[in-house]
Amino acid sequence: MCGIIGYVGSRPCRDLVISGLERLEYRGYDSAGLALPNGDGFTAVRAVGNLAKLKAALEDVAGDATSGLGHTRWATHGRVTHDNAHPHFDQGGAVAVVVNGIIENFSSLRRELQAEGVVFSSETDAEVIPHLLARAYEGDIVEAVQKVLPQLDGHYAFVAMHASEPQRLVGARHECPLVVGVGDGETFLASAIPAFLRETRDVMNLESGEIVILEADGVTVLNGQGPIKRTPETVDMDDDAAEKAGFETFMLKEIHEQPQALYDTLGDRLRPDGNVVLDDFGLDDAALARTERVHIVACGTSYHAGLVGRYLLEDWAGIPVHVEVASEYRYRTCLAGPGDLVIGITQSGETADTLAAMRVARERGAHVVALTNIMGSQATRDADGVLYTRAGLEIGVAATKTHTAQIMGLALLAVKLGRLRWALSGAGAADLGDELRRLPELLQQYLDSPHPAAVAEVAQRYANHRFFLYLGRHVGVPVCFEGALKLKEISYIPTEAYAAGEMKHGPIALLEEGSPVVTVATDGHVFDKVVSNIQEVRARGARVVAVATEGNEQIAEHSDDVLWVPRAQPLLSPIIAILPLQLFAYHVAQTLGLNVDQPRNLAKTVTVE
Ligand code: AGP
């Protein structure tokens, strides 16, 4: 959460910093700011709101400084105000700092500094850092950072500059991410690679606990023992992903990128005979075959992918699977151990709770694998193995293409484990392989068909309802959870999602004449049961919108509106059934005039617990 960027070089950098912040805005967008050294301290501009507000405030500001730092904020400590926006400064205005993360002992540090006469200008935890640096400063900002770091508790990354050393930036990270970009006579420091990808593809990752010094012509990395050698690596990433490519929003573009994301995630991992090859998994086939249990830990949409994965792994591989939200798993008694496979699902690879849950399981001796979309992310570095989704950069805060790609990743693992554990025959695995291979084309057919326009029309008619209930059974349950999450996060309409069989145990009391109920009623062994639940809610006056399989005319009799999807293998139906629900949420939010790419209070990457 929060995006930070720093630049040192020879080019005027105001616009470079802003362009970097634009590519980090998915990390937080409630306020933003930058600081540029001006020979007599810093020119600082901060603005409440998204970057458009900062850009407007910058109109009259000279852009000729050749170093600077910037920040886009997701508030943790302190309200969304101008004073709480970063950068923060010491009282003399000589030290500028941008911070991502949380300084957990800020209260005691703040009291200590106040007792010494320091006057704070914000409510943030971050502001202690420039004051501590100013107190420690004796002519060298690097030494000041080295003195201050042991005083800080929490998880954070920050970048600092002293006005009397304007061609030097110092960065430090403890758990939160910070990456270096090395250009020709210029260097960048940012929360994520896309911030400087237009300028350089040569990247240096920093480890937790390291300090980095940036100058125009070089980078020095320090750990507790002194300087260490670090060579930049050239990354193969697509900067175009940060463009909307003709779509009105990133979310809509990313919904349409799902066929490609599935195709790329399959790649050459699935062999014609149904064998699956997972490089980087960190376990050879013999060891994987001995796996006794699978634990899946994740948050939000990634958790919902994990819930779908449980059905696949239990059914195809016959292995017991426990799925839990990472924020709970990390604080329970962890019973994972040697012989268990723990999968942390996190598209960003940075979610604090998921990383912590993975760490707990790893300490207990389990084999921990990160299922992630971001190469080199913290999750990949903390895990014993990696299974990459290849969905490309996802910018929309509401996850779409990474979700279906995660399910694809879990499906590949389920086929592989199924073969290794003799739960699937060779022919069975080959058949499932064919079903997986069909999915990208199936999704493309759906997106090219009249169905998405029909979803938009239905969504416009329902957009003014103030509550939605989602009901499904079996693999339809996680689809409902995910569909309901999409609607609430971008339209702010309260939703409940339930296993349809649980409805009579409470949620049915919510229904009144005209209440909309979205059901996942795709073909499968629980279809008739779902139809019975639909009858029950209609008997109480509910209006039913059903996601159903093309050709199943029976459902039309039982529903007010049907969102058709092509037929898929029943256990794989979540990959296709979620599309109309993503689009439904999208069009409801658009009808209500909301910003779907930057929903209020949210951030794409949740690096605080
Ligand atoms: C998805 O729409 C949400 N914005 C959110 O639930 C997200 O899935 C969650 O924060 C987990 O993120 P991760 O996959 O990067 O760990």
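Just so you know, ligand 1 is whichever comes first in the structure, and atom 1 is the first atom listed for that ligand. The model shown is predicted, which means the values in this text are computed figures rather than measured ones.
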Please list, in number order, the atoms of ligand 1 under 4.0 Å from a heavy atom of [X].
X    : answer
A399 : 1 (C), 2 (O)
K486 : 1 (C), 2 (O)
S302 : 8 (O), 13 (P), 14 (O)
A398 : 2 (O)

Next item on the list: Give the residue, atom name and distance (to 0.1 Å) of the protein heavy atom nearest atom 2 (O) of ligand 1.
Entry: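 Going by distance alone, atom 2 (O) of ligand 1 is nearest to E489 OE2, 2.4 Å.
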
Note to self: Give me the nearest non-hydrogen protein atom to atom 4 (N) of ligand 1 as residue plus atom name, then the distance to 0.1 Å.
What the structure shows: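 Protein heavy atom at minimum distance: V397 O, 2.9 Å.
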
Item checked: Cation-aromatic face contact R600/Y492, 6.0 Å, 45 degrees ->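 Yes, a cation-pi geometry.
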
Roughly how far apart are [X] [atom1] and [Y] [atom2], rounded to 0.5 Å?
X    : Y    : atom1 : atom2 : result
Y388 : L371 : OH    : CG    : 11.0 Å
C299 : D353 : SG    : CG    : 5.0 Å
S491 : H465 : OG    : NE2   : 12.5 Å
C480 : L307 : SG    : CG    : 12.0 Å

Check: Would a distance-only check, ignoring hydrogens and angles, find a side-chain to backbone donor-acceptor pair under 3.5 Å from R364 to A336?
Finding: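 Confirmed, R364 side chain pairs with A336 backbone.
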
Taking N or O atoms only and a 3.5 Å limit, does [X] qualify as a polar contact for ligand 1?
X    : value
L485 : no
S348 : yes
K604 : no
T354 : no
V606 : no

Item checked: E350 contact mode with ligand 1 (heavy-atom cut-off under 4.0 Å) ->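 Under 4.0 Å from ligand 1, E350 contributes no heavy atoms.
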
Checklist line | L602 near ligand 1 by a heavy-atom separation under 4.0 Å | finding: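 L602 does not count as a contact of ligand 1 under the 4.0 Å cut-off.
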
Checklist line | Criterion ring-ring contact (aromatic ring centres under 6.0 Å, His included) on H155 and H174, from CA distance to verdict | finding: CA-CA 5 Å; H155 45 281; H174 183 65; 8.3 Å; no

Check: Can we say K253 and E257 salt-bridge, meaning some charged N sits less than 4.0 Å from an Asp/Glu carboxylate O?
Finding: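 Yes.
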
Notebook entry, point to check: Is the F468 to F584 ring centre distance short of 6.0 Å?
Noted result: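 Yes, close enough.
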
Check: atom 12 (O) of ligand 1: which of T351, T346, T301 has the nearest heavy atom?
Finding: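 Nearest heavy atom to atom 12 (O) of ligand 1 lies in T351.
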
Checklist line | Closest candidate by heavy atom, reference atom 9 (C) of ligand 1, pool G344, C299, A298 | finding: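 Closest candidate by heavy-atom distance is C299.
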
Next item on the list: Have a look at Q258 and tell me which of Q582, H403, Q444 forms a side chain to side chain donor-acceptor pair (under 3.5 Å) with it.
Entry: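 Result for side chain to side chain donor-acceptor pair (under 3.5 Å) with Q258: Q582.
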
